[in-house]
Q: 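What follows is a structure written as structure tokens; I'll ask about it next.
Hydrogens, waters and symmetry mates are skipped; everything else that's a heavy atom, side chains included, is used. Note that the coordinates shown come from a computational prediction; the quantities given were computed from them, not determined experimentally.
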4 protein chains.
Amino acid sequence: MFSLDRTNRAPIYEQIVQMIKKQVVAGILKPDDQVPSIREMAILLGVNPNTVSKAYQELERSEVLYTMKGKGAFIAETTGKTISEKARLAAVNQLKEAVVDLLIMGLSKEEIINRVEDIYKEGQI
Amino acid sequence: MFSLDRTNRAPIYEQIVQMIKKQVVAGILKPDDQVPSIREMAILLGVNPNTVSKAYQELERSEVLYTMKGKGAFIAETTGKTISEKARLAAVNQLKEAVVDLLIMGLSKEEIINRVEDIYKEGQI
Amino acid sequence: MFSLDRTNRAPIYEQIVQMIKKQVVAGILKPDDQVPSIREMAILLGVNPNTVSKAYQELERSEVLYTMKGKGAFIAETTGKTISEKARLAAVNQLKEAVVDLLIMGLSKEEIINRVEDIYKEGQI
Amino acid sequence: MFSLDRTNRAPIYEQIVQMIKKQVVAGILKPDDQVPSIREMAILLGVNPNTVSKAYQELERSEVLYTMKGKGAFIAETTGKTISEKARLAAVNQLKEAVVDLLIMGLSKEEIINRVEDIYKEGQI
DNA sequence: GTGGTCTAGACCACT
DNA sequence: GTGGTCTAGACCACG
């Protein structure tokens with residue numbers, strides 16, 4: 001449930017961010033669920049607490065979780081109403097890059113859309 | 001047609017890679033078309049030739065370009081048959097990240113698929 | 001009338017301090033009015049009595065409240081003559097920070113002053 | 001021009017953020033001006049480079065500056081058009097806190113507005 | 001040279 | 001116990 005790919009070039013803290021986001025989308029983590037404390041997660045993943053802290057702060061900025069000092073970190077409501085234009089653009093750009101890469105590899109539009117459907121279904125299990 | 005976003009966090013050489021790929025997908029650059037030489041491109045973009053060189057090397061590795069010593073660099077056939085499993089996985093993972101981000105921002109599956117269609121259409125103009 | 005934002009980064013005891021101050025400025029709480037006891041307030045807000053205690057201590061230090069042993073806590077006269085230079089400077093600094101932030105966001109001097117008027121009016125209702 | 005108040009309870013990185021913002025508002029730092037590199041600023045202020053880095057990253061998030069890897073950090077255009085609702089609200093709330101504090105200390109609305117004018121004028125010198 | 005990430009370990013404030 | 005800040009020092013990627 002909590003694991004990292006140390007061979008991945010993506011920064012560890014980004015992997016943690018992504019890991020939590022996936023679990024939220026998959027419904028494994030629901031609003032107001034408590035996530036492991038920074039120290040716990042650091043031990044679970046075998047990384048420095050500072051690294052987990054950075055991930056949690058980024059998640060708080062993107063309003064995926066909220067923290068209460070002295071209490072811990074919790075999943076936020078995913079109303080998704082306060083998305084900044086900047087964040088939306090960043091995500092769409094990443095989508096564009098991935099789609100261009102897959103098109104250039106010879107995948108058809110339909111195959112890519114199927115991939116999207118697959119990712120969506122994973123989240124619905 | 002050739003432009004960079006210097007404020008973008010993505011490394012410049014990655015932006016060049018992405019720029020060429022987009023033009024291939026859009027059909028602006030076709031197989032065996034010659035791309036500007038490293039020096040020309042460096043002047044066009046106002047960057048260090050080393051940076052362009054790095055981009056072309058990456059494009060060669062992903063078989064988007066081939067170079068002929070003393071001749072220049074040319075667009076490769078996009079057969080798409082020699083895609084390394086590693087590259088494919090990387091692209092699919094990036095797709096997954098983007099989709100997860102958009103889902104968490106409250107977009108529906110349909111909206112995301114529409115985005116993919118849009119990106120595809122852009123390439124067909 | 002008594003509510004906290006648990007997701008707010010500001011410490012809860014500071015939020016309590018601010019809450020009381022606002023009600024004094026708004027005239028809801030008048031000199032010699034009794035405020036809820038530490039225990040009552042803790043139950044009202046669903047927080048630890050220690051947290052309320054810390055807030056009341058800070059309010060006593062800034063002479064917004066006075067406590068009578070065995071009686072409870074009461075609103076002090078707001079003569080405003082015994083303001084410590086330190087406290088005044090702190091408030092002016094906070095004002096400066098907020099104004100700088102708003103200016104950098106593109107608000108004009110007039111818009112900021114309008115905001116101040118709004119805050120003042122809220123207190124007069 | 002660059003100095004900190006180590007007795008201040010505000011985190012050092014926030015003080016750096018505020019310092020830069022003030023200089024932008026005051027027109028001392030103009031769009032595309034380069035700010036001292038992280039290492040330089042760290043030496044100037046006598047703090048750890050990580051602390052400066054954190055400040056610069058926060059400034060980048062609020063679009064006060066932009067960084068170019070390998071080049072340095074530069075003041076961004078202050079178009080102020082992409083302000084997130086969240087950031088605006090945070091600044092207005094800070095304004096409200098400061099105004100309430102000053103009102104409770106006995107300052108009149110006019111005196112507070114005079115303060116705002118003073119802060120504005122400082123920026124225009 | 002630049003900024004970005006990570007570790008180890010310290011101290012503080014809040015609950 | 002919790003998260004937040006700071007330091008010292010390391011290594012990497014970019015230009």
Q: Could you list the residues that satisfy side chain to side chain donor-acceptor pair (under 3.5 Å) with B/Lys21, not counting sequence neighbours?
A: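 Counting only residues at least two positions away or on another chain, B/Lys21 forms a side chain to side chain donor-acceptor pair (under 3.5 Å) with A/Asp101.
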
Q: To the nearest 0.5 Å, tell me how far D/Ile75 CD1 sits from D/Asp32 CG.
A: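 One gets 9.5 Å once the value is rounded to the nearest 0.5 Å.
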
Q: Enumerate the residues from residues 34-60 of chain D whose closest heavy atom to DNA chain F is under 4.0 Å, giving them by residue number; use none for an empty result.
A: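 Under 4.0 Å from DNA chain F: D/Val47, D/Asn48, D/Asn50, D/Thr51, D/Lys54.
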
Q: Once rounded to the nearest 0.5 Å, what's the spacing between atom CG of A/Leu59 and atom CD1 of A/Ile20?
A: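 Rounded to the nearest 0.5 Å, the CG-CD1 separation comes to 6.0 Å.
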
Q: side-chain contact (heavy atoms from CB on, under 4.5 Å) with B/Glu40: which residues, sequence neighbours excluded?
A: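 With neighbours one apart ignored, the set is B/Pro36, B/Ser37.
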
Q: Could you pull out all residues at least two apart from B/Asn93 that satisfy side-chain contact (heavy atoms from CB on, under 4.5 Å)?
A: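 Testing B/Asn93 for side-chain contact (heavy atoms from CB on, under 4.5 Å), a comparison that skips the adjacent residues, returns B/Leu89.
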
Q: Between A/Gly70 and A/Arg6, who's closer to the 5' end of DNA chain E by nearest nucleotide?
A: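 The residue mapped nearer the 5' terminus is A/Arg6.
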
Q: Listing request: all ring pair (Phe, Tyr, Trp, His ring centres under 6.0 Å) pairs with a residue in residues 14-34 of chain D, at least two apart in sequence or in separate chains.
A: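 For residues 14-34 of chain D, and leaving out neighbouring residues, there are no ring pair (Phe, Tyr, Trp, His ring centres under 6.0 Å) pairs at all.
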
Q: Can you list everything that forms a side-chain contact (heavy atoms from CB on, under 4.5 Å) with A/Ile43? Sequence neighbours excluded, please.
A: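 Not a single residue meets the side-chain contact (heavy atoms from CB on, under 4.5 Å) criterion with A/Ile43.
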
Q: Can you sort out the partners of A/Asn8 under side chain to side chain donor-acceptor pair (under 3.5 Å), two or more places apart, ordered by chain and number?
A: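 Per chain and number, A/Asn8 pairs via side chain to side chain donor-acceptor pair (under 3.5 Å) with no residue.
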
Q: What are the 5'-most and 3'-most nucleotides of DNA chain F lying under 4.0 Å from any heavy atom of chain B?
A: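 Range of nucleotides within reach of chain B: F/dC14 to F/dG15.
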
Q: List in numerical order all residues of residues 10-20 of chain A for which some heavy atom is under 4.0 Å away from an atom belonging to DNA chain E.
A: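 Here the set is A/Pro11, A/Ile12, A/Tyr13.
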
Q: Tell me every residue that passes side-chain contact (heavy atoms from CB on, under 4.5 Å) with D/Arg61, counting only those two or more places apart in sequence or in another chain.
A: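 side-chain contact (heavy atoms from CB on, under 4.5 Å) check on D/Arg61 returns A/Arg61, D/Gln57, D/Glu58.
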
Q: Kindly indicate whether the side chain of A/Gln15, heavy atoms from C-beta on, has any atom under 4.5 Å from the side chain of A/Met19.
A: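 Counting from C-beta outward, A/Gln15 and A/Met19 never come under 4.5 Å.
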
Q: Wobble G-U and Watson-Crick pairs count when both distances are under 3.5 Å; given that, what is the 5' to 3' dot-bracket string of DNA chain F, with | for pairing to other strands?
A: ||||||||||||||.

Q: Out of curiosity, C/Thr51 OG1 to C/Met41 CE, how far, rounded to the nearest 0.5 Å?
A: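 Result: 12.5 Å between the selected atoms.
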
Q: Only pairs at least two apart or in different chains count here, so list each ring pair (Phe, Tyr, Trp, His ring centres under 6.0 Å) that has a residue in residues 49-71 of chain A.
A: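 Every ring pair (Phe, Tyr, Trp, His ring centres under 6.0 Å) pair that includes a residue of residues 49-71 of chain A, provided the two are not neighbours, is A/Tyr66-A/Phe74.
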
